[in-house]
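I have placed the structure first, in the form of structure tokens, so that the comments after it can refer back to it.
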Amino acid sequence: MNKTIGLLLVVYSLLLAGLSYLVHHLAPGAARPTLIAGWIGGALCLVWGVRALAGRGGKALPLLTLIPVCFVLLPQTFMSWSGGSAGLQAGRTVAAVTTLLLALSLGMLVRIAWSGMLFDLPAGGLTKDAGARGETTGKRAA
């Protein structure tokens, strides 16, 4: 992982912890799993982001953290949109913030999973075109 993704992980971890606390503050009973997943996932992502900024980070640990966070946020998002919250205005705010958390989590998951992949390769992969150049000399083949 590079330093850009490390910085994104640090910012994401702070957003995840802060917004999950906001959701819990708006709907204390219904949003307890969001709070727990947000704080634990935020703390772990902060550690992985700092490790990536230090140059020692891999992709496996952040992915193994983000997958459960997404699995916790997905049913919470559906329950908040289905009207599980008490107040009408607070319920819509909780639903919007939970949806934002899920979208951010899925975006980070995809960003980390596809970091470092090359999409501009020729159809044959990395192999040289043997007909255009000779194998050892680099001159055109006859």
Side-chain angles (χ1 to χ4, degrees), residues 1-138 140-141:
M1 255 185 348
N2 57 17
K3 293 185 189 251
T4 304
I5 293 179
L7 183 63
L8 286 174
L9 265 173
V10 169
V11 171
Y12 166 75
S13 68
L14 297 174
L15 281 172
L16 180 64
L19 291 177
S20 66
Y21 178 74
L22 175 68
V23 168
H24 178 70
H25 180 69
L26 292 174
R32 190 153 180 87
T34 305
L35 179 69
I36 293 169
W39 279 6
I40 293 173
L44 288 173
C45 285
L46 182 65
V47 170
W48 308 144
V50 169
R51 284 188 67 202
L53 287 173
R56 297 187 316 249
K59 288 174 25 172
L61 293 174
L63 289 176
L64 289 174
T65 301
L66 287 169
I67 290 170
V69 168
C70 289
F71 275 121
V72 169
L73 289 175
L74 185 64
Q76 289 295 313
T77 303
F78 284 129
M79 285 187 339
S80 65
W81 280 112
S82 67
S85 300
L88 183 63
Q89 185 62 27
R92 287 186 181 171
T93 305
V94 167
V97 173
T98 309
T99 304
L100 177 67
L101 281 173
L102 179 64
L104 286 172
S105 299
L106 287 173
M108 280 302 298
L109 184 70
V110 169
R111 175 69 172 105
I112 292 171
W114 280 335
S115 65
M117 299 192 74
L118 300 174
F119 293 108
D120 57 348
L121 294 176
L126 292 174
T127 59
K128 290 194 311 186
D129 187 294
R133 296 188 180 265
E135 290 291 327
T136 58
T137 61
R140 292 212 170 258

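Throughout, numbering of the chain's residues begins at 1 and tracks the sequence.
Looking at Leu104 and Leu100, their side chains come closer than 4.5 Å, going by heavy atoms from C-beta outward.
With Ser80 contributing its side chain and Thr77 its backbone, the two residues share a donor-acceptor pair below 3.5 Å. Side-chain atoms of Lys3 never come within 3.5 Å of backbone atoms of Gly55 as a donor-acceptor pair (strictly under, hydrogens ignored).
Val23 and Ala31 get closest at one heavy-atom pair: CG1-CB, 3.4 Å. Nearest heavy-atom pair across Ile5 and Ser115 is CD1-CB, 3.1 Å. Nearest heavy atom pair, residue Ser20 against residue Trp39, reads OG-CD1, 3.8 Å. The heavy-atom pair separating Ala37 from Val72 by the smallest distance is CB-CG1, 3.5 Å. Closest heavy-atom contact between Tyr12 and Ser105: OH-OG, 2.6 Å. When every heavy atom of Cys45 is checked against every heavy atom of Thr65, the shortest pair comes out as SG-CG2, 4.0 Å.
With values rounded to the nearest 0.5 angstrom, Leu19 atom CG is found 12.0 Å from Leu35 atom CG. Once rounded to the nearest 0.5 Å, the distance linking CZ of Arg51 with CG of Leu61 reads 6.5 Å. How far CD1 of Ile112 is from CG of Leu9: 4.0 Å, rounded to the nearest 0.5 Å. Taken to the nearest 0.5 Å, the CG atom of Leu16 stands 11.0 Å off from the CG atom of Leu46. With rounding to the nearest 0.5 angstrom, the OG atom of Ser13 is 11.0 Å from the CG atom of Leu8. Between the CG atom of Leu109 and the CG atom of Leu102 there is a distance of 10.5 Å, given to the nearest 0.5 Å.
Note on ring orientation: taking the six-membered ring where Trp is involved, the planes of His25 and Tyr21 are parallel (angle under 30°, cut-offs 30° and 60°).
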